[in-house]
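Values below: all heavy atoms of this structure, side chains included; hydrogens, waters and symmetry mates excluded. Just so it is clear: chains get the letters A, B, ... in the order the sequence lines come, proteins before strands, and each one is counted from 1. The shown structure was predicted, so the numbers you read here are calculated from the model rather than taken from an experiment.
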Amino acid sequence: MFQIKKKETMAKGTIVRFDIDAPKIAKKLKPGQFVIIRVNETGERIPLTVADKDAFAGIITIIFQVVGKTTALMRSLNEGDFLLDVVGPLGKPAEVDNIGTVLMVGGGTGVAILHHVAKAFHEAGNYVIGIMGAKEKDMLILENEMIAICDDLVVTTDDGSYGERGFVTQPLEKYLNERHDIKLVYTIGPIIMMKNVVKLTKKFNVPTLVSLNPIMIDGTGMCGGCRVKVNNETKFCCVDGPDFDGYQVDFDELLKRNSMYLQDEKDSLLFSIK
Amino acid sequence: MLEQDIRYLKYKTYLSFYCPHCSNTFNVERAHEKSLIFNAKWKNEDLVLKLSPFLDVFDIKTSIEMPQDEVLDDLFCPHCKQSIIDPHVHCDECGSKVGKAIVSAYAKLIPFYFCLKNGCEWHGITKEDEKKIKLKIPRQLMPEQDQKLRVNNFQEVPYGYTTELAMLEAGRCLQCKKPKCVEGCPVNIDIPGFIELITQEKFTEAVHKIKETNVFPAICGRVCPQESQCEVLCILGRKDEPVAIGRLERFVADYERKMDLVEIPEIKKNTGKKIAVIGSGPGGLTVAADMRMLGYEVTIFEALHESGGVLTYGIPEFRLPKSIVQSEIDYLIKLGVRIELNHIIGNILTVDELLEHFDAVYIGVGAGLPWFMSLEGESLGNVFSANEYLTRMNLMKAYKFPEYDTPMPHGNHIAVIGGGNVAMDCARTAKRTGASEVTIVYRRSRHELPARTEEVHHAEEEGINFKLLTSPTRYIGTDSSIIKSIECIRMELGEPDASGRRRPIPIEGSNFIMDCDMAIVAIGNGPNPILFQSTPDLKLNKRGYIEVNPDTMETSKEFVYAGGDIVTGAATVILAMGAGRIAATAMHKKLTAIQEKAKKKVVPKKKSE
């Protein structure tokens, strides 16, 4: 049993932050890694990338968007409540070295994970440029935290209610045009966003890492449900990833695979409402 | 008490009501046959009663002429000379006192008389006769759920033997002096020993006998491939069918559990040493049980949220009920074994870190990384690995969706690629989800199917189709990337390959399209890299599995042992248990030796406390 030490809702209640008491995981977890959570006995196992950790206090932080039954259930939990299972750390950590200038691009809830990895790049002594996007001003998360670790930060909103109007790709293109010292682009967010980021960086020939979040069950390489096609080879996101060379990922296939259970997800929600 | 036992007791009691008065009279026609002699009392006079043992007729007749309407006062055992008339039992027909000569489980074949007084076990026939009779008993079938009903539920298919059937089956065993069956068993269970105890109705003793070498008979009795291990070597099998060793093993284990007779054995004095076991599958559980009994503190680390490994996530409920796995695990917990769930060793703790806290480590993580064939369209929607499919259904209980949150993969025409036990499990599970057509696609012929005969038989009974000598070449999807058909190619068998099975060769131009809306790939599993990545000094063999010393199961790292699928590649539950046993013995030997050495030298322990 894992206790929720702190709960915070953001973005009009659609995004929730939990600080979870998981000392063993906190001790080992590195940026980019994820955990699998099962809320209760009848619950499903869902993968969630960790947004931060405090090894000393034994706390890991997860930030998730409420999209389906399990995340809705999680939102209904309060401080002091327990999660039945938290497994981790899973996946390979992001490879963080001092390489010079890195550009971090995040969208939506992806910013939560982006922040954790960006922090590591920052601490490793890199010049970190951040680009974070959201639908509108109210949906923006972790802006202050990003400001604290980025040497340069651009915020975009789709409707222009805050920061620059438009998608993350616009400032990205600008940076790629202006700066030629960018060694790496690291991106996480909606699949379609990552696909567009990669399209752009390919043009400028800047190495790009994408952090994927496909459907998973066990998260340990056992089920193969999280398989993604990378360089035409089948890879398991949970053990080979979640970070992959963005140039080689088949995003279209990933999009389709991730939408496989939409109907079931609805049925499941309907059942719980009944 | 079991319902089936109550029924049997009634049956037995009925048989035992031997009424010397009304049951029958002198049988003139067969008076010349060799008879059994009973002493009896009638009107205060001593009598001699002759009973002819018609070996194949149950309905025995007395061989003494008794006047009508007269009643015997007493009947004596010819062996111990004690009365076998029970004053409290009366004949239903005439109300007279009746004998308690019990007809044993051989009842259907011969009248097999037991005297029940003071442990007298005389049964009135010669050894020779007994052997003849035994050869006449056919192998007993296990009652099972009706094939039409069972495809609609997930309950276990076989019900198991009743005591009556078990004793009848056990009676078939010839009690060979040099039993071949024991040699065939990976853990060398004293098979004739436990079977003899069954014939004596000593079921608890029988299960204890098995547990001397196999901690989990309820599991092995269900999932072991007996037909290729012990039963294949049974002498009876040469002319007839072998003794159903697996079914008997299952029977005694179930008897012990259902009658609540499971006892916690005495654990040896605490050695003060600690053992870490990685993985709670059959091998890990065996090591844990063995080492705990020897007085070690044992902690099992399990990656998933439930223990049992493949027994829990892999083998379906209808073949191995999860309640049985759970009761075996509860037994371990009662022994004092600690189980840490949700611990992925390699990530949360490394093997080296474990060695800082434990005196020895056993790696029993299995082979859990599913293989794919790298075919076009393998990532389409509704194409699953067998592992994913079974994990969803068994571990996550997706068949109870939406009561359970994990969605159940559903299809109406389901293809299962592969011919092993896992493929059968997938196909039969799929059938139970309501699929109208489930087809096994296997590249060799029926003869080479790696699955157990029993499983293939069950699958056929349940209406699973078999497309043999067929192999998929690509998966074809709909516009929304859900599988709609498989392109297959016909195969023919060529020369035997390294595995000794005939190699399948594609017949060019024989491609055809098979429609389906779901496919499950069950072609095997390989080793999972997580543990190796954090333990680079663990020596692996060419196939990527852990290299061990086969005598001790010790790896290239001292105090680190490994066994089961992670050493051999995908194999059976019992082989994993066998490996666990070898490792436990070796571990104990090594750790004891170290302790003895330390005592002699009177030096402090090598490891920091």
How long is the span from the CZ atom in A:Arg45 to the CG atom in B:Asp405, to the nearest 0.5 Å?
13.5 Å
Is B:Tyr313 close to A:Asp218 at the side-chain level, that is, under 4.5 Å between some pair of heavy atoms?
no
Bottom line for B:Ser374: the part with an atom under 4.5 Å from chain A's heavy atoms is neither
Pair count under 4.5 Å, heavy atoms only, with chain B: among A:Glu253, A:Glu44, A:Glu41, highest is A:Glu44
Are the side chain of B:Thr391 and the backbone N or O of A:Cys223 linked by a donor-acceptor pair below 3.5 Å?
no
For the NZ atom on B:Lys484, are there more than 12 heavy atoms of other groups (residues, nucleotides or ligands in this structure) within a distance under 6.0 Å?
no
Closer than 3.5 angstrom, by distance alone: can the side chain of B:Asn347 be matched with the main-chain N or O of A:Pro89 as a donor-acceptor pair?
yes
Checking A:Arg38 side chain against B:His305 main chain: does a donor-acceptor pair fall under 3.5 Å?
no
A:Glu233, part contacting chain B, at a heavy-atom distance under 4.5 Å
neither
A:Thr220 backbone acceptor or donor facing B:Asn528 side chain under 3.5 Å:
yes
Quick one: what part of A:Val39 sits under 4.5 Å from any heavy atom of chain B, side chain, backbone, both or neither?
neither
Does any backbone or side-chain atom of A:Ile25 lie under 4.5 Å from a heavy atom of chain B? Answer side chain, backbone, both or neither.
both
Looking only at B:Pro529, B:Gly368, B:Ala303, B:Ala367, most heavy-atom pairs under 4.5 Å shared with chain A are made by B:Gly368
Which answer fits A:Lys92, side chain, backbone, both or neither, if we ask what part of it has an atom under 4.5 Å from a heavy atom of chain B?
side chain
Donor-acceptor pair, side chain of A:Arg227 and main chain of B:Glu378, under 3.5 angstrom
yes
B:Ile348 portion near chain A, given a 4.5 angstrom heavy-atom threshold:
both
So, using ring-ring contact (aromatic ring centres under 6.0 Å, His included) as the criterion, who are the partners of B:His410 when residues are at least two apart?
none
side-chain hydrogen bond (donor to acceptor under 3.5 Å, both in side chains) involving A:Gln33 - partner list, sequence neighbours excluded:
none
For atom NZ of B:Lys322, decide whether the heavy atoms of other residues, nucleotides or ligands shown that lie under 6.0 angstrom number more than 12.
yes
Identify the heavy atoms of B:Pro370 and A:Gly221 that sit nearest to each other, and give their distance.
CD-O, 3.4 Å
Side chain / backbone / both / neither for A:Lys256 at chain B, heavy atoms under 4.5 Å:
side chain
Tell me, for B:Phe401 versus chain A, whether the close heavy atoms (under 4.5 Å) come from the side chain, the backbone, both or neither.
side chain
Side chain / backbone / both / neither for B:Leu380 at chain A, heavy atoms under 4.5 Å:
backbone
Less than 4.5 Å to any heavy atom of chain A: does that hold for the side chain of B:Val521, its backbone, both, or neither?
neither
Between A:Asp85 and B:Leu341, is there a side-chain heavy-atom distance shorter than 4.5 Å?
no
Roughly how far, to the nearest 0.5 Å, is CG of A:Asp250 from OG of B:Ser379?
8.0 Å
Between B:Glu403 and chain A, which part of the residue has a heavy atom less than 4.5 Å away: side chain, backbone, both or neither?
both
Hey, which of A:Val228, A:Leu90, A:Thr70 has the most heavy atom pairs under 4.5 Å with chain B?
A:Leu90
B:Leu369 side chain reached by A:Met222 side chain, heavy atoms, under 4.5 Å:
no
Where do B:Ser385 and A:Gly224 come nearest, in terms of heavy atoms and distance?
OG-N, 4.5 Å
In Å and rounded to the nearest 0.5 Å, what is the CD1 to OG1 distance from A:Ile217 to B:Thr406?
7.0 Å
With rounding to the nearest 0.5 angstrom, report the OG1 to CH2 distance, A:Thr234 to B:Trp371.
15.5 Å
Between A:Ile215 and chain B, which part of the residue has a heavy atom less than 4.5 Å away: side chain, backbone, both or neither?
side chain
Which answer fits B:Ile344, side chain, backbone, both or neither, if we ask what part of it has an atom under 4.5 Å from a heavy atom of chain A?
side chain
Which residue out of B:Arg392, B:Gln533, B:Lys400 racks up the most heavy-atom pairs below 4.5 Å with chain A?
B:Arg392
Give, as side chain, backbone, both or neither, the part of A:Leu29 having an atom under 4.5 angstrom from any heavy atom of chain B.
neither
Closer than 4.0 angstrom, basic N to acidic O: yes or no for A:Lys28 and B:Glu353?
yes
Contacting region of B:Tyr389 [heavy-atom separation from chain A under 4.5 Å]
neither
